[in-house]
Each structure stands twice: as C-alpha cells, then as structure tokens.
2 protein chains.
Amino acid sequence: MNEGVEWAMHSCVNLSWASGEAVTAKRLAAFYNLPTAYLNKQLQALTRAGILTSVSGPKGGFQLARDPRNISLLDIVVAIDGPDDAFRCMEILKEGPGADARADYTKVCVISQAMRGAELTYRRELASRSIADISDEVVRLTPAAPDNTRNRFANLKS
Amino acid sequence: MNEGVEWAMHSCVNLSWASGEAVTAKRLAAFYNLPTAYLNKQLQALTRAGILTSVSGPKGGFQLARDPRNISLLDIVVAIDGPDDAFRCMEILKEGPGADARADYTKVCVISQAMRGAELTYRRELASRSIADISDEVVRLTPAAPDNTRNRFANLKS
DNA sequence: GACATCGTACTCGGATACTAGATGTCCGAGTGCTCAGGG
DNA sequence: CCCTGAGCACTCGGACATCTAGTATCCGAGTACGATGTC
C-alpha cells in the first residue's frame, strides 16, 4: 500500500482541526517533516477525489470539502491507492480445461470469490470509520491535541 | 499484491486432487499456460513456508505437505506476499509536536489502530478458509473437476 | 544370469537480468495582495 | 484622499527523473532410472 495513505489520513485529521482555514501543503508537510512536493501530490489526489478543496495563490491551501463525518478512511485509501482490489483475479482458469471464454471468472472462480469476500470485510471496516471518529478518539485520549495542532500551524507561519 | 498468490492457490487446489502423486512445476505451469520458471519460484516459497514438500530428480515434483484442511488461504498469502501488513505505520507522529520518542506509535496512533483492525478482519476471513473448503465448493459446483484435473495432468505427461 | 557401477536425463534451488510502479523533484498555471500613479 | 491597474509573490497542478520491488529467466545442485561391464 502506498505510503502516502498514512500522510493523507493524518493530514485530513489535522485539517479537521484547522477551523475552516485553508492550510498550505508546505505547512502540512512541515508538521511531520515530510517532503513538501510529494505530499502535495497526495493532496492533489484527495482533491481530485472530492475529499479536499484547493485554492491557489496567497492565502491559498487545502481544506476539507465536506463534514469530517462523511469522510471515511476507505475514501482516502481509494483516493490515494486507487480503486483496485489488492488481489487481482487474472482469470487464469480461462487457460485451463473446460474453460468457457465467455464466462467472467472474476465472479465464477471460487478462489476469486473468497478473496473478494475477505477484501469486502476489510473495506466495510474502513468505510465504517470516519475522520470525525478518529478525531473524537484522539481528543478523548489527549484533549489538547486540536489546540496543539492549531498552535503548531501558527508557529509554522513564519 | 503479488500475482503469484493466485497461481499458488490454484496450484494448491490442483495438488489436493493429485491423489498423493508428486506433480512437477512444468505440468502445473502447463495447466494454466504460465511461465514455468516463475511458477517454480512461487512453489519454492510455498515449500520454504512448509506448505509443500519438494523432491528433485525424475519422478520428482511438489505435493501438499499436510492435509488441505490445515492449509488456509492466509498461509498462502503470507508465504508468497510476506508477513507484513499492507498498511505500514511509519510513526510519523514522532516528528509531530509533543512526541514521545520512546512510545511505539504503531500501537498508540489511532489511525494505525484502525488500519490494523481492518486488516485483522481481512486476515481472519482468509484464515477461516482452507484449501479443502475451496475444493469442496468447486466439487459442489462441478463434480467432475478433480477427474478433469487428473486427466489433464495425465495428458500433459507427454 | 545377477550384481555393482557409472552415466544420463530430469527436476528443484538459488543467483542473475529486466521492467513496472512507487517515490521524489521541478517548473509552469493560477490567484490574491501590494503599491504606485492618476483623478 | 480615493480609486484603478499593473506587478509581484505565493501556492496549486501536472510533467519529468530516480529507485525499489515485482516479474521473468537461466544455470548449477541433487536424484532416480537405465545401460553397461564384470563376476
């Protein structure tokens, strides 16, 4: 899995604490000491997926496009890592004996079904957790986190 | 995910129908028109993982090392794709404000927890399905499959 | 005729190239602020 | 003093290198069969 997924999730949580202000890729990257240009690339992907909105120019930056409750972890994974399943059925059964060239072995093959089923539970789990859930849990553990984040962003403004 | 996982699973199911005879990588590859040497590499990985046993020389080949009921799909995924989770927590929080260098953010980070939880359900699902389960299901749908496979192997003996 | 030994053919095993995708970087496109100039 | 417009500084956006890991291949190690020669 793409490493940018982790960056994107943390950045989205931080953005949920930015109280509506646009935050630049530069500051988001400085927060965790990440390469700015590469993080920017991931943020672009989130923007294309409709998770973030972006504004160019001075006072520009990124912010969440919708309520954090409506942004699931799956949304982020799909945006960064693509919609394809990890297990790709290449339909090798079509080369085997008694194969039906018209059949869709992605659906018919029992192994493909089992793998798809497992990935489905995985995705359901990720779809059931939103950025807001993550934020709430973090706040429960360390209530000062949002303020710390805002202060950090303020200090990075120099 | 490594493409060899699919090959390995189909080959294990076929081996479960080989009635104890060793099958060469050459024949297993010819079955689905796969590159022999590369499939051999995957079979080696299965052997190292203790899923298959291998014998060199004439009348050599591969066979299942244990009862198909005790070979889960997860075993195969781990053998081919490695034991690492897809999501690797790089502990970027250690670069953030108020970080504790001694803490293990793989365990502490809420995002890491959520991702690990999702992958856990995924692995549980795969661990609950054995090669024997797959075989049974295939036989239920097409009872002639094992015989077809044995015949195919016999015809490939030339 | 029977046995032992050598040779041979066949298969697994790991070391070695090749290639695609992830990682990382750079420059152009777009936008709001600032400041100068004129009314 | 206020308004207008051009310049500028800053940021996003996508095109361009680099590098790891998956893909593919080849040759050596190991083993059983069979042929051959001898007793």
Under 3.5 Å between N/O atoms: give me all the protein pairs with nucleotides 30-34 of chain C, atom names plus distance.
unit_1 : atom_1 : unit_2  : atom_2 : d
C:dG30 : N2     : A:Gly57 : N      : 3.1

Give me the distances for all protein-to-nucleotides 17-23 of chain C N/O pairs that come in under 3.5 Å?
unit_1 : atom_1 : unit_2  : atom_2 : d
C:dT23 : OP2    : A:Asn2  : OD1    : 2.5
C:dT23 : OP2    : A:Asn2  : ND2    : 3.4
C:dT23 : OP2    : A:Glu3  : N      : 3.4
C:dT23 : OP2    : A:Tyr38 : OH     : 3.4
C:dT23 : O5'    : A:Tyr38 : OH     : 3.4

Would you tabulate the nitrogen or oxygen pairs shorter than 3.5 Å linking the protein to nucleotides 6-8 of chain D?
none

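At whole-Å resolution of the value, CG in B:Leu46 and P in C:dC12 are 13 Å apart. Separating the CG atom of B:Leu43 from the C1' atom of C:dG13 is a distance of 12 Å, rounded to the nearest angstrom. B:Leu39 places its CG atom 16 Å from the C1' atom of D:dG22, with the value rounded to the nearest Å. Here C:dT11 presents its P atom at 14 Å from CD of B:Glu21, a figure rounded to the nearest Å. Straight-line distance from the NZ atom of A:Lys26 to the C1' atom of D:dG13: 17 Å, rounded to whole Å. In this entry the distance linking CD of B:Gln44 with P of D:dC26 reads 16 Å, nearest Å.
Counting heavy atoms from C-beta on, the side chains of A:Ile131 and A:Leu73 come closer than 4.5 Å. Proximity of B:Asn40 to B:Gln44: side-chain heavy atoms (C-beta onward) are separated by under 4.5 Å at one or more points. Between B:Arg66 and B:Asp75 there is a side-chain heavy-atom pair separated by less than 4.5 Å.
A salt bridge links B:Glu137 with B:Arg140: the distance from a Lys NZ or Arg NE/NH1/NH2 to an Asp or Glu carboxylate oxygen falls below 4.0 Å.
For B:Tyr38, the ring pair (Phe, Tyr, Trp, His ring centres under 6.0 Å) test picks out B:Trp7, with sequence neighbours left out. Taking the ring pair (Phe, Tyr, Trp, His ring centres under 6.0 Å) definition, one finds that A:Phe87 meets it with nothing, sequence neighbours left out.
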*Step-by-step side chain to side chain contact (heavy atoms under 4.5 Å, CB included) determination, B:Ser112 to B:Tyr105*: CA-CA 8 Å; B:Ser112 177; B:Tyr105 282 99; over 6 Å; no
*side chain to side chain donor-acceptor pair (under 3.5 Å) between A:Asp133 and A:Ser130: does it pass, once the steps are laid out?*
CA-CA 5 Å; A:Asp133 295 334; A:Ser130 70; 3.3 Å; yes
_Could you go through A:Asp104 and A:Glu91, starting from their C-alpha distance and side-chain angles, then the distance that decides it, and tell me whether this counts as side chain to side chain contact (heavy atoms under 4.5 Å, CB included)?_
CA-CA 8 Å; A:Asp104 179 3; A:Glu91 306 191 62; 3.8 Å; yes
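Distance CE/A:Met9 to CD1/A:Ile80: 9.0 Å, rounded to 0.5 Å. Rounding to the nearest 0.5 angstrom, the gap separating the OG1 atom in A:Thr53 from the CG atom in A:Leu15 is 9.5 Å.
Residue A:Asn40 has its side chain nearest to D:dG13 when only D:dG13, C:dG14, D:dT11 are considered. Nearest to the side-chain atoms of A:Ala37 among the listed nucleotides D:dG13, C:dC26, C:dC12 stands C:dC26.
OP1 or OP2 of C:dG13 lies within a sub-4.0 Å distance of a side-chain N or O belonging to B:Ser54. Taking side-chain N and O atoms only, B:Arg48 has no distance below 4.0 Å to OP1 or OP2 of C:dG13.
Heavy-atom distances under 4.0 Å link DNA chain C to A:Pro35 of residues 28-36 of chain A, given in residue order.
Aromatic ring pairs are classed by plane angle as parallel below 30°, tilted from 30° to 60° and perpendicular above 60°; the pair A:Tyr32 and A:His10 is perpendicular.
The number of heavy atoms from other shown groups lying within 6.0 Å of CZ (B:Arg150) is above 12. Dense packing is recorded around CZ of B:Arg123, with more than 12 heavy atoms of other residues, nucleotides or ligands lying under 6.0 Å away.
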